[in-house]
Protein chains: 2
Amino acid sequence: LAFVEHIRERLGPGPPGEVWAGDDAAVLPSPGGPVLLTADTLVEGVHFDLSLSGVDDLGWKALAVSVSDIAAMGGRPLHALVTVTVPRGRGGDLEQLYDGLEAAARAFACPVVGGDLTSGPHLSVTVAVMGTAPKPVLRSQAKPDDALLVTGPLGGGAAGLRLLRGGAVTFDPADLRQPEARAALAHRRPEPRVAEGDAARRAGASAMIDLSDGLALDLRRLADASGVGVVVDQVPLGPAASLDEALTGGDDYELLFAVPDARRAHQRFEEAGLSPPFVIGRCTNDPGERRLGAGPLPEGGWEHTW
Amino acid sequence: LAFVEHIRERLGPGPPGEVWAGDDAAVLPSPGGPVLLTADTLVEGVHFDLSLSGVDDLGWKALAVSVSDIAAMGGRPLHALVTVTVPRGRGGDLEQLYDGLEAAARAFACPVVGGDLTSGPHLSVTVAVMGTAPKPVLRSQAKPDDALLVTGPLGGGAAGLRLLRGGAVTFDPADLRQPEARAALAHRRPEPRVAEGDAARRAGASAMIDLSDGLALDLRRLADASGVGVVVDQVPLGPAASLDEALTGGDDYELLFAVPDARRAHQRFEEAGLSPPFVIGRCTNDPGERRLGAGPLPEGGWEHTW
């Protein structure tokens, strides 16, 4: 993480009116409105395990995680570039990978317009997405007394990974009446919350972030960027998820946002035909406060080490 | 290559007025003028060997190859996203990598505005670049009798790689009076031809491509896309380069373009204060013709195998 922070500082925040490193996506003014840019890499053995999900799931997920960054700005995705590194002898994987990419591109209305294919020692996929938002929602503008909401229950992705790793699968992944199957699906085929991010923006969200690294860590980031305290008093749990998975498991693509008026957010979600968001807590005027119920917010989350 | 072609066909050419896969960069209309998007990945052991160039050179080159794709559309780069995969224990490489990236970003006026850092089994860098051009030059509009020009002598990059691989370095890489040193620099720190691409566009270039995979292969691509024949009657050789390196070595970032009036191209280059381009041949009306002097154009070039 120190490296990430350091690189961020090297790159700088950008000139006035632009956002460079440090938010879910970069924001760049253009005559047609703000352009959003983001890119993420998924690496075999680090971000995915092909004994637990298909290559098509990987394609879906690679696009989904970058689209989620656009959703977290209250934006909509426009176009994607995909670069793939594939080991020699595994070119056949590409067909399935693009099956998943294309399914996601259709689902998120974000066509893949180019990229690069290269050979290399292991499978890796990078997706860059360009998007737009009339007025992008940053991480940094939450205010004391804003309500904190999430767009859905948390921890499903981490629970799904745990269940799939459990080896003897005791559930039918195709039977989505079972919470275990829904958790496995949340891990394999996360759904970025584009419509929800848009509704949150319209509701006047002051700050927003996606929860890919877990609520505890991503809430800290939002609070740090905004200079506010945060108090969480409830956490909606995803299918088959433990509280720990909901707080620190990561691999969730729900959005966390701060908004002055939670009722207005509920209205906007309802008008858009979306499931209602969950109020999980509020922002406070003590910038050092990081509280979960009566105790401290846990420290953990998905972080790379070098 | 079959996979690349197949994926290209899967992605499709895009709706009218857009260019998706199949050119140096994607072209997307926007209220501020056409947006260009491109991305390339460099993988350790495939595209670079850190015993032959520095990690800072790698950073430079990663940005340069994507900027070159923008130059090949007659465009100018605007912003870059950089995603880096770095093995555990080698986080220290990141500092040097970003030294090279930042130097290139300044040199090409293309700031790095975001991206991703992740751990993984080997070092890999992906750069996505957004650019713009008033009227992007595609590969596909060359016409019979158009002159074929290149923006500089070829084969220097491949020669540099050969000399560096030679082991016992018998030249001083810092003494750029020596052709060997200039070749090594062409391999380590290629210069994308942004100003040259712009001048070619202003001169009315009908088709353009960068020579990253070698003149023989990239000229075939331009000719195939345009449905014209091509005859090459001279090839300017870069420092220390053989004819074979100039034709099939790849790793050159000069531009190849077709233009109805070569004199006009020379004028535009002169007005822009650029070294004059080289006429290497012309397009013909026999779409199957691929000729070098009295013989056939060679088949080789930089291609991945899976």
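Throughout, protein chains are lettered first and strands after them, A, B, ... in sequence-line order, and every chain is numbered starting at 1.
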Task: Interatomic spacing from CZ in B:Arg10 to CG in A:Leu94 - rounded to 0.5 Å - done: 10.0 Å

TODO: Can you tell which part of A:Val35 gets under 4.5 Å to a heavy atom of chain B, answering side chain, backbone, both or neither?
DONE: side chain

Open item on the list: Restricting to non-hydrogen atoms, name the atom on A:Val43 and the atom on B:Pro121 that form the minimum distance, rounded to 0.1 Å.
Closed with: CG1-CD, 3.8 Å

Task: Max heavy-atom pair count under 4.5 Å with chain A, selected residue of B:Val112, B:Val82, B:Leu28 - done: B:Leu28

Open item on the list: To check you understand the geometry: which heavy-atom pair defines the closest contact between B:Gly32 and A:Pro31, and what is its length?
Closed with: CA-CG, 3.5 Å

- [ ] Examine whether an atom of A:Thr38 lies under 4.5 Å from a heavy atom of chain B, and if so say whether it belongs to the side chain, the backbone or both; otherwise answer neither.
- [x] backbone

Task: Reported CZ-to-CG distance for the pair A:Arg8 and B:Leu117, which is rounded to 0.5 angstrom - done: 9.0 Å

Task: A:Glu18 versus chain B, the contacting section by heavy-atom distance below 4.5 Å - done: side chain

- [ ] Supply the atom-to-atom distance B:Asp40 CG to A:Thr126 OG1, rounded to the nearest 0.5 angstrom.
- [x] 11.5 Å

TODO: Could you tell me which non-hydrogen atom of A:Glu102 sits nearest to which non-hydrogen atom of B:Leu11, and how far apart they are?
DONE: OE2-N, 4.3 Å

Open item on the list: Can you confirm whether A:Arg76 is buried at CZ, in the sense that more than 12 heavy atoms of other residues, nucleotides or ligands lie under 6.0 Å from that atom?
Closed with: no

Task: Atom group of A:Leu37 that falls short of 4.5 Å from chain B, counting heavy atoms - done: both

TODO: Give, as side chain, backbone, both or neither, the part of A:Asp99 having an atom under 4.5 angstrom from any heavy atom of chain B.
DONE: both

TODO: Would you give the length of the straight line joining atom OG of B:Ser30 to atom NE2 of A:His79, rounded to the nearest 0.5 angstrom?
DONE: 10.5 Å

Task: Shortest non-hydrogen separation from A:Ala39 to B:Thr83 and the atoms involved - done: CB-CG2, 3.5 Å

Open item on the list: What part of A:Ile7 gets within 4.5 angstrom of chain B, counting heavy atoms only: side chain, backbone, both, or neither?
Closed with: side chain

